[in-house]
Amino acid sequence: MRTSIDILAPEVRADPYPYYARLRRDFPVCLAEPGGMWLVSRHDDIMTVLRDPTRFSSQGFRAVWEPAWLGYNPLARSILAMDGPAHARLRALASRSLGPRAVARTGPAIRARAERLLAGLEGDVELVSAFAAPLPAHVIATLLGLDDSLGARFKQWADDLLSVTPEPLDVAHAERVETTIAELSAYLRAVIADRRRAPIDDTVSELIRAELDGQRLGDAEILEFMVAVLLGGLETTTHLLATSALFLAARPDLWARLRREPATIPAFVEEMLRFDGPSQSLPRFTTCDVALAGVTIPANSLVLALVGSAGRDELRFADPDRFDLDRGASGGVNFGHGVHFCLGAALARMEAQIALGALVRRFARLEPLPGPIAYNRTMTVRGPVTAPLRLFPA
């Protein structure tokens, strides 16, 4: 099956869910633009893809993030793009640095920074630059032991690396991405060298010390893992917070309920992850011919498991296009599934709950400002570039 849908088209980025519904109905497994990728849109078929790393390799990330026009990309060589023993080894080492201790350690810092960022905000505010991006940038800087003053640069680096698509927008885009990779790699290599000379209480030092079956991580492995944490932790949480704020500004009834019942904020986060989460697709690469939903996907094909579509699947969720704070469902598959389930999921959930709790306490209501909202152009995550809102302090 083939469809002409372009998942990077502006109208699809603005609201992909009607397009996903058509795919689920008419083309659940299909070849599509851009770049001749296979789209998988139904929940159960997506689960089949994510549960079977033998036939659906995570090398799909490398196919997406290291196309022919681009040279080395540390994100494409990170744990996200690994399979088998290499993935298991790095995950076992890295999980010690992103486990409950690391998450608990960052909680007070998240609360303090959220309150500090919101202090004094009122009236017309662009919430991405004022709050939704600086907060996770601070959290990731704290976790990795990076220079907190570089938060804006972290965001720009993340935007550039995740903007990689099969073909660059233009020569300037290609040059900007290549420059970003060089700058980011140089910065992180310097951080690693500093930690080898003088370890501190941070994730990088823990990764340097970590040992499993007599093996330790090399500098390249640590750098690539840091890039995955930096980009994954920054972009997804930024998009989740900005999307949530825009949604709540259009739903004053729901905002009022969160203010009355702050204990429902975790349920709100889970429903938002299902309803309009930041992760939209997870790329995989077929290692053999695979039959799925009556369609044969050839070996060596790039497959996009549309996890954003899975959260709206009519066969999985009743009335899926309705946001239901009392649904009681988890956040769908926005953090993946199986052996590749996101290591930072607990941290992202905690960040979102703390940030939204701080917003709800401080502001009586939010109102959207007039004008269209532009969305980013990436293969894997989706979120608003800006979130112009009017804030009314409580």
Side-chain angles (χ1 to χ4, degrees), residues 1-10 12-13 16 29-40 49 53-84 86-87 90 156-189 220-221 223-228 230-232 235 279-290 296-307 340 375-382:
M1 292 186 179
R2 185 183 296 268
T3 179
S4 61
I5 186 174
D6 179 354
I7 62 171
L8 294 178
V12 179
R13 298 298 293 171
V29 176
C30 62
L31 190 61
E33 299 298 333
M37 289 172 273
W38 289 85
L39 305 181
V40 180
V49 171
T54 301
R55 295 189 300 164
F56 295 96
S57 166
S58 288
Q59 291 290 313
F61 278 106
R62 186 171 298 184
V64 168
W65 286 330
E66 206 170 68
W69 63 268
L70 182 64
Y72 167 74
N73 183 350
L75 187 60
R77 306 299 180 96
S78 71
I79 187 174
L80 298 174
M82 292 181 179
D83 294 308
H87 171 265
L90 185 56
Q156 186 59 58
W157 284 340
D159 288 344
D160 288 344
L161 261 68
L162 288 173
S163 73
V164 172
T165 49
E167 296 293 336
L169 289 173
D170 49 37
V171 173
H173 175 228
E175 291 175 349
R176 186 173 72 250
V177 173
E178 290 167 355
T179 298
T180 283
I181 290 173
E183 290 179 351
L184 176 57
S185 298
Y187 171 69
L188 294 180
R189 279 195 294 268
E221 290 177 299
L223 184 151
E224 289 154 3
F225 179 77
M226 291 171 72
V227 170
L230 178 63
L231 271 64
E235 288 289 282
S279 295
Q280 291 292 305
S281 70
L282 294 173
R284 295 293 186 263
F285 206 66
T286 54
T287 60
C288 59
D289 291 355
V290 181
T296 298
I297 305 175
N300 304 315
S301 294
L302 178 59
V303 174
L304 289 187
L306 299 175
V307 293
H340 287 283
Y375 283 81
N376 65 343
R377 185 179 184 272
T378 72
M379 298 296 300
T380 53
V381 296
R382 172 180 173 271

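The structure presented is a predicted model; accordingly, all values stated were derived computationally and were not measured.
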Taking side chain as C-beta onward, heavy atoms only, is F61 less than 4.5 Å from F285?
no
Side chains of H87 and S58: any donor to acceptor distance under 3.5 Å?
no
Distance (rounded to the nearest 0.5 Å) between E221 CD and S78 OG
11.5 Å
With heavy-atom distances below 4.5 Å as the criterion, would you say the side chains of V29 and W38 are in contact?
yes
Mind checking what makes side-chain contact (heavy atoms from CB on, under 4.5 Å) contact with A182, not counting sequence neighbours?
none
May I ask you to test the L80-W65 pair for a side-chain heavy-atom distance under 4.5 Å?
yes
Any residue meeting salt bridge (charged side-chain N to carboxylate O under 4.0 Å, His left out) with R13, in chain and number order, not counting sequence neighbours:
none
Q156 side, atom CD; E183 side, atom CD - distance, nearest 0.5 Å
9.5 Å
Matching residue for I181 among V227, D160, L70 - test: side chain to side chain contact (heavy atoms under 4.5 Å, CB included)
L70
Let's go through V381 and N376 carefully: what are the C-alpha distance in whole Å and the side-chain angles of both, what is the deciding distance for side chain to side chain contact (heavy atoms under 4.5 Å, CB included) to 0.1 Å, and is it a yes or a no?
CA-CA 8 Å; V381 296; N376 65 343; 4.1 Å; yes
Starting at CE of M37, measure out to CG of L304 and round the result to the nearest 0.5 Å.
5.0 Å
Set out, in order, the CA-CA distance, both residues' side-chain angles and the distance that settles side chain to side chain contact (heavy atoms under 4.5 Å, CB included) for L230 and L184, then state yes or no.
CA-CA 10 Å; L230 178 63; L184 176 57; 3.8 Å; yes
Any idea which heavy atoms bring L302 and G60 closest together, and the distance?
CD1-O, 3.7 Å
The side-chain contact (heavy atoms from CB on, under 4.5 Å) partners of D289 (sequence neighbours excluded) come to T296, P298, A299
For E167, enumerate each residue passing the side chain to side chain donor-acceptor pair (under 3.5 Å) test, keeping only those at least two apart in sequence or located in another chain.
none
Would you say that M379 contacts I7 through its side chain, given a criterion of any heavy-atom pair below 4.5 Å between the two side chains?
yes
Considering non-hydrogen atoms only, spot the tightest contact between A32 and L39 and give its length.
CB-CD1, 3.5 Å
Shortest non-hydrogen contact between L306 and S281, atoms and distance:
CD2-CB, 3.9 Å
Please name the pair of heavy atoms, one in H173 and one in P168, separated by the smallest distance, quoted to 0.1 Å.
ND1-CA, 3.6 Å
Pair listing, salt bridge (charged side-chain N to carboxylate O under 4.0 Å, His left out) test, anchored in residues 63-78, at least two apart:
E66-R77
Going by the rule side chain to side chain donor-acceptor pair (under 3.5 Å), which residues pair with S301 if we only count those two or more places apart in sequence or in a different chain?
none
In Å and rounded to the nearest 0.5 Å, what is the OG to CG distance from S185 to L223?
5.0 Å
In chain order, what residues pass the salt bridge (charged side-chain N to carboxylate O under 4.0 Å, His left out) check against E178, with sequence neighbours excluded?
none
Set of residues satisfying side chain to side chain donor-acceptor pair (under 3.5 Å) with respect to D159, sequence neighbours excluded:
K155
What distance separates L75 CG from L161 CG, expressed to the nearest 0.5 Å?
6.0 Å
For F56, what residues pass the ring-ring contact (aromatic ring centres under 6.0 Å, His included) criterion, not counting sequence neighbours?
none
Give the intermediate values and the outcome of side chain to side chain contact (heavy atoms under 4.5 Å, CB included) for residues V177 and S163.
CA-CA 8 Å; V177 173; S163 73; 3.9 Å; yes
Interatomic distance, CG@L231 vs CG@L162, rounded to 0.5 Å, equals 4.5 Å
Heavy atoms, side chains only, cut-off 4.5 Å: are R284 and H340 in contact?
yes
For L90, all residues meeting side-chain contact (heavy atoms from CB on, under 4.5 Å), sequence neighbours excluded:
I79, M82, L217
Counting C-beta onward and ignoring hydrogens, is there a side-chain heavy-atom pair between P283 and T380 closer than 4.5 Å?
yes
Listed partners of R62 passing salt bridge (charged side-chain N to carboxylate O under 4.0 Å, His left out), at least two apart
none
Side chain to side chain donor-acceptor pair (under 3.5 Å) involving S57 - partner list, sequence neighbours excluded
D83
Under 3.5 Å donor-acceptor, T286 side chain and I297 backbone:
no
